Amino acid sequence: TCLTHILFSMDSRRKFTAMFKLRVIEYAEQTNNCAAAREFKVSEKSVRDWKMFSAQLKLLPKNKCANRGKCNKWPQLEVEVAKYVSENRQNGYGVSRGSIRIFALKLARKLGITDFKASHGWCTRFMERNDFVLRRKTKISQRLPQELDDKIRIRKTCNYDIRIHKVKDSDIHI
């Protein structure tokens with residue numbers, strides 16, 4: 001068996017360009033997957049996966065870090081849910097994580113999607129993919145008392161009188 005899985009499984013996640021992946025695939029076709037994994041210090045599983053997607057890798061820009069992660073499984077559903085969220089926000093309505101999930105479930109039933117669950121994780125990833133952030137609606141500002149202007153004016157005149165007439169604290173009786 002190949003020991004590269006044991007050797008490189010402890011490494012942190014890394015990203016590779018399409019050009020690098022194609023070089024690894026080419027080397028693997030000349031030798032074998034295990035030798036390519038050892039030579040380029042990647043796991044043998046990565047080499048096998050890259051070989052499966054070699055046709056797609058050839059079409060991508062060479063400096064792009066290609067095929068990193070899963071793609072969206074229900075694109076039509078997500079487009080409609082994103083529209084729903086945007087429209088509600090434009091109309092001034094708050095959109096919660098729960099309302100997004102409920103709308104998505106109803107829409108999935110309408111579209112005939114049976115394996116969709118609208119999980120908390122799906123909702124989080126959906127919001128990240130579409131750059132949505134949940135924000136709490138706040139009040140514009142605190143309402144000030146109507147008589148505040150009069151109180152401020154009186155205070156200013158009192159301070160002015162105290163300074164002009166040089167009134168001492170002992171002369172002020174409350």
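Just so it is clear, the structure is predicted and the values come from calculations on it, not from any experiment.
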Could you walk me through whether V85 and M127 pass side-chain contact (heavy atoms from CB on, under 4.5 Å), step by step? CA-CA 10 Å; V85 173; M127 291 174 63; over 6 Å; no

Evaluate side-chain hydrogen bond (donor to acceptor under 3.5 Å, both in side chains) for E78 paired with W122, printing each intermediate quantity in order. CA-CA 10 Å; E78 290 206 6; W122 169 84; 3.0 Å; yes

Set out, in order, the CA-CA distance, both residues' side-chain angles and the distance that settles side-chain contact (heavy atoms from CB on, under 4.5 Å) for T114 and R109, then state yes or no. CA-CA 7 Å; T114 57; R109 283 191 206 127; over 6 Å; no

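Under a hydrophobic-cluster definition in which Ile, Leu, Val, Met, Phe, Trp and Tyr are linked whenever side-chain heavy atoms come within less than 4.5 Å, directly or via other members, L111 and F116 are assigned to the same cluster. The hydrophobic cluster containing V95 also contains L105, counting ILVMFWY residues as joined when their side-chain heavy atoms lie under 4.5 angstrom apart, directly or transitively. No continuous path of ILVMFWY side-chain contacts below 4.5 Å connects V79 to F103, so the two sit in separate hydrophobic clusters.
Taking every heavy atom of both residues into account, L77 and A104 meet most closely at CD1-O, 3.6 Å. Of all non-hydrogen atoms in A18 and P61, the two that sit nearest each other are CB-O, 3.6 Å. For the residue pair L22 and S54, the shortest heavy atom distance occurs at CD2-O, 4.2 Å. Contact between I113 and W74 at its shortest, heavy atoms only, is CG2-NE1, 3.4 Å.
Using modelled atom types and a 3.5 Å distance limit, the side chains of R97 and T124 yield a donor-acceptor pair.
With sequence neighbours excluded, the residues forming a ring-ring contact (aromatic ring centres under 6.0 Å, His included) with F132 are F126, listed by chain and number.
Ring-centre distance between F16 and F40: not below the 6.0 Å cut-off.
Atoms NZ and CZ, from K106 and R101 in turn, are 14.0 Å apart once rounded to the nearest 0.5 Å. The line from CZ of R48 to SG of C34 is 10.0 Å long, rounded to the nearest 0.5 Å. For the atom pair CG of L107 and NZ of K83, the computed distance is 10.0 Å after rounding to the nearest 0.5 Å.
Checked against I25 for a side-chain contact (heavy atoms from CB on, under 4.5 Å), the options M52, K51, K58 give a single hit: K51.
Dense packing is recorded around NZ of K62, with more than 12 heavy atoms of other residues, nucleotides or ligands lying under 6.0 Å away.
By the 4.5 Å heavy-atom criterion applied to side chains, L57 and M19 are not counted as neighbours. Between V24 and E39 there is no side-chain heavy-atom pair separated by less than 4.5 Å.
Here the side chain of R125 pairs a donor or acceptor atom with the backbone of G121 at under 3.5 angstrom. Put simply, the side chain of S99 gets close to the backbone of S96: a donor and an acceptor are under 3.5 Å apart. In this structure a side-chain-to-backbone donor-acceptor pair under 3.5 Å is present from T31 to Y27.
The pair R23-E26 fails the salt-bridge criterion, with no side-chain N (NZ, NE, NH1 or NH2) lying under 4.0 Å from an Asp/Glu carboxylate O.
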